[in-house]
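Since the structure comes first, as structure tokens, the remarks are kept for the end.
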4 protein chains.
Amino acid sequence: MQFNKETPIYIQIKDVVYNAILSGEYCGGERIPSIRDMAVSLEVNPNTVTRTYAILQEEGVIENQRGLGYFAVENAKDVVLNQMKDEFLTVEVPLFFSKMERLGIPMEKITTLYSEPKKWRKT
Amino acid sequence: MQFNKETPIYIQIKDVVYNAILSGEYCGGERIPSIRDMAVSLEVNPNTVTRTYAILQEEGVIENQRGLGYFAVENAKDVVLNQMKDEFLTVEVPLFFSKMERLGIPMEKITTLYSEPKKWRKT
Amino acid sequence: MQFNKETPIYIQIKDVVYNAILSGEYCGGERIPSIRDMAVSLEVNPNTVTRTYAILQEEGVIENQRGLGYFAVENAKDVVLNQMKDEFLTVEVPLFFSKMERLGIPMEKITTLYSEPKKWRKT
Amino acid sequence: MQFNKETPIYIQIKDVVYNAILSGEYCGGERIPSIRDMAVSLEVNPNTVTRTYAILQEEGVIENQRGLGYFAVENAKDVVLNQMKDEFLTVEVPLFFSKMERLGIPMEKITTLYSEPKKWRKT
DNA sequence: GTGGTCTAGACCACC
DNA sequence: GTGGTCTAGACCACA
């Protein structure tokens with residue numbers, strides 16, 4: 001897999017797991033790939049995956065069962081979704097608004113852009 | 001001055017200069033504080049300011065006159081504004097949109113929040 | 001290594017890397033010496049090499065892979081060659097010509113000198 | 001007057017004087033502008049002109065007559081011309097040739113460029 | 001006075 | 001191990 005050079009790889013891997021959970025690929029209670037497998041499939045050092053899993057565990061998104069591997073928690077999807085939504089609405093959105101104002105960009109400009117997906121969507 | 005610990009100081013100083021230009025404190029053609037003065041007033045090592053000024057010069061926002069110091073370019077304000085606007089609309093806005101979609105937040109939610117400044121404005 | 005005192009060391013290191021790339025010592029995609037190793041072998045402070053590598057990266061000649069080191073880009077040789085050629089033909093050659101004219105030296109004089117390598121070649 | 005930002009101003013002033021001598025504006029034995037006048041007309045600090053004149057005097061191109069000012073030496077034009085020619089042919093030309101070779105640029109390319117003045121002449 | 005460069009040494013994040 | 005950042009302090013060229 002290709003990684004962005006600016007943000008740490010272990011963060012980008014976190015996003016990979018997040019997306020897999022949100023998309024339903026990893027369902028609540030199910031086992032997720034072992035550190036080793038994940039490292040191989042992403043062509044990354046296992047230490048890096050270890051770091052990601054440790055963070056996810058601390059966040060309560062996955063759990064470790066000794067000898068069996070890592071599992072998504074029962075309500076993983078909700079946990080992730082709520083956490084991200086909350087952070088987005090209370091932190092990122094205000095920053096976004098204040099930058100808009102500083103640059104003198106009106107809300108209409110934003111909504112217009114949004115209604116023309118080809119302008120911003122990669123897929 | 002207090003600096004955020006996460007982003008490099010020389011980047012934060014860049015923003016300081018940017019804001020001073022946008023606010024009209026440093027006008028086009030005028031001299032900006034010498035590296036040493038700036039370093040003292042920000043309580044930072046001169047090398048760090050040197051780095052910031054080098055970047056700003058490369059960006060075409062300030063110029064050096066040998067032995068005299070650095071000067072804001074004639075149309076500094078426009079240069080900064082356009083540069084920031086461009087980066088915002090082509091990089092940050094698309095990221096913002098795609099995160100919105102991933103979290104299933106509709107555009108209406110955003111516009112509603114925007115029309116209630118008390119919810120996001122600090123001042 | 002010995003450095004010319006007039007031009008900055010970090011520029012001279014840049015030339016060292018350029019030549020290593022042109023000579024095929026550093027091939028496209030290969031890793032180049034770490035900052036510390038390079039600093040030791042050139043008997044220079046690591047900071048100085050850091051500066052050189054930063055410039056080369058900005059020029060698109062080398063890339064960084066986090067935690068692994070710097071790598072010559074795939075087509076490094078071409079990039080360097082084109083860059084140098086372009087700069088030579090558009091900057092140095094015109095300066096050369098105008099100086100020739102100012103000194104009243106005819107082109108024939110130059111071509112004659114060129115055809116007698118012993119007059120100018122060191123080897 | 002506009003100065004190039006890269007090379008020291010006192011060097012550029014030296015070129016100004018050189019050119020004035022080569023063009024016959026300052027003839028052998030004649031007085032050249034005082035330091036003060038020169039500084040005013042070039043919009044430069046007098047110290048800078050002082051430095052230039054000191055160098056020119058050391059090179060034997062101008063002389064100082066106490067209380068009267070600076071004068072171009074009798075055969076100033078020859079002195080300058082020979083000096084520049086010599087330095088050009090023994091230093092710059094060899095460097096030029098070796099760079100040509102390193103970049104794989106044939107002599108024909110150079111002569112072709114030379115015969116198309118619009119490509120390199122500013123005037 | 002100005003900036004430009006370099007060294008020495010330190011701390012940190014990342015892999 | 002890797003590079004990225006920062007500090008402290010020095011020397012130099014330039015105006």
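Every heavy atom of this structure was used, including side-chain atoms; hydrogens, water molecules and symmetry mates were not. Protein chains get the first letters and strands the later ones, always in sequence-line order, with residue 1 at the start of each.
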- Item | Selection residues 28-48 of chain B - residue pairs positive for ring pair (Phe, Tyr, Trp, His ring centres under 6.0 Å), sequence neighbours left out |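 Residue pairs with at least one partner in residues 28-48 of chain B: there are none.
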- Could you tell me which nucleotide pairs with F:dT5 by Watson-Crick or G-U wobble geometry, both distances under 3.5 Å, or answer none if nothing does?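 Here F:dT5 is engaged in a pair, and the nucleotide opposite it is E:dA10.
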- Residues, nucleotides or ligands: over 12 heavy atoms within 6.0 Å of C:Arg31 CZ: yes
When you measure from the side-chain N and O atoms of [X] to the phosphate of [N], is any distance below 4.0 Å, counting only OP1 and OP2?
{"X": "B:Tyr70", "N": "E:dG4", "answer": "yes"}
{"X": "B:Arg66", "N": "E:dT2", "answer": "no"}
{"X": "C:Tyr53", "N": "F:dG3", "answer": "no"}
{"X": "D:Thr48", "N": "F:dC14", "answer": "no"}
{"X": "B:Thr50", "N": "E:dG3", "answer": "no"}

- Message: Side chain of C:Arg31, heavy atoms from C-beta onward: which of E:dT5, F:dT2, F:dT5 has the nearest atom to it?
- Response: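 The closest nucleotide is F:dT2.
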- Query: Of the candidate nucleotides F:dG3, F:dC6, E:dC6, which contains the atom at the shortest distance from the side chain of B:Tyr10?
  - Reply: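 The nucleotide sitting nearest to the side chain is F:dC6.
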- Note on the structure: Between C:Leu68 and B:Gln12, the residue closer to the 5' end of DNA chain F by nearest nucleotide is C:Leu68
- Taking for each residue the nucleotide of DNA chain F with the nearest heavy atom, is it C:Gly67 or B:Thr7 whose nucleotide lies nearer the 5' end?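 First, find each residue's nearest nucleotide; the 5'-ward one identifies C:Gly67.
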Just the rounded figure in Å: distance from [atom2] of [N] to [atom1] of [X].
{"X": "B:Glu63", "N": "E:dG3", "atom1": "CD", "atom2": "C1'", "result": "15 Å"}
{"X": "C:Met38", "N": "E:dT7", "atom1": "CE", "atom2": "P", "result": "14 Å"}
{"X": "B:Ile32", "N": "E:dT2", "atom1": "CD1", "atom2": "P", "result": "13 Å"}
{"X": "C:Arg51", "N": "E:dC6", "atom1": "CZ", "atom2": "P", "result": "6 Å"}
{"X": "D:Phe3", "N": "F:dA15", "atom1": "CZ", "atom2": "C1'", "result": "12 Å"}
{"X": "B:Asn4", "N": "F:dC6", "atom1": "CG", "atom2": "P", "result": "11 Å"}
{"X": "B:Phe71", "N": "E:dG1", "atom1": "CZ", "atom2": "P", "result": "17 Å"}
{"X": "C:Met1", "N": "E:dC6", "atom1": "CE", "atom2": "P", "result": "13 Å"}

- Message: Need to verify one output field. Residue with the more 5' nearest nucleotide on DNA chain E, C:Pro8 or B:Ile35?
- Response: B:Ile35
- Nearest-nucleotide comparison on DNA chain E, the residue closer to the 5′ end among B:Pro33 and B:Lys5: B:Pro33
- Message: Taking atom types as they are modelled, would you say the side chain of D:Asn45 forms a donor-acceptor pair with the base of E:dG1 within the 3.5 Å cutoff?
- Response: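 Not at all, since no donor on one side and acceptor on the other fall under 3.5 Å apart.
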- Message: Could you check whether the side chain of B:Arg36 and the base of E:dG3 have a donor-acceptor pair of N or O atoms closer than 3.5 Å, going by distance alone?
- Response: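 Present.
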Donor-acceptor pairs under 3.5 Å, side chain of residues 42-56 of chain C to any protein atom, not counting sequence neighbours: which ones?
| residue | atom | partner | partner atom | Å |
| --- | --- | --- | --- | --- |
| C:Asn45 | OD1 | C:Asn47 | N | 2.7 |
| C:Thr50 | OG1 | C:Pro46 | O | 3.0 |
| C:Thr52 | OG1 | C:Tyr10 | O | 2.9 |
| C:Thr52 | OG1 | C:Thr48 | O | 3.3 |
| C:Tyr53 | OH | C:Pro33 | O | 2.9 |

- Show the numbers, then the answer: is there a side-chain contact (heavy atoms from CB on, under 4.5 Å) between B:Met38 and B:Val17? CA-CA 10 Å; B:Met38 184 65 97; B:Val17 178; 4.2 Å; yes
- Query: Taking C-beta and beyond as the side chain, do C:Cys27 and C:Glu30 meet within less than 4.5 Å on heavy atoms?
  - Reply: yes
- Which part of the nucleic acid, if any, lies within reach of D:Val44 when heavy atoms closer than 4.0 Å are counted: base, sugar-phosphate only, or nothing?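 It contacts nothing in the nucleic acid.
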- Task: Look at all strands and tell whether A:Asn47 reaches a base, only sugar-phosphate, or nothing, counting heavy atoms closer than 4.0 Å.
- Result: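 Nothing, no heavy atom under 4.0 Å.
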- Query: Is a donor on one side and an acceptor on the other found under 3.5 Å between the side chain of D:Glu63 and the backbone of D:Ala72?
  - Reply: no
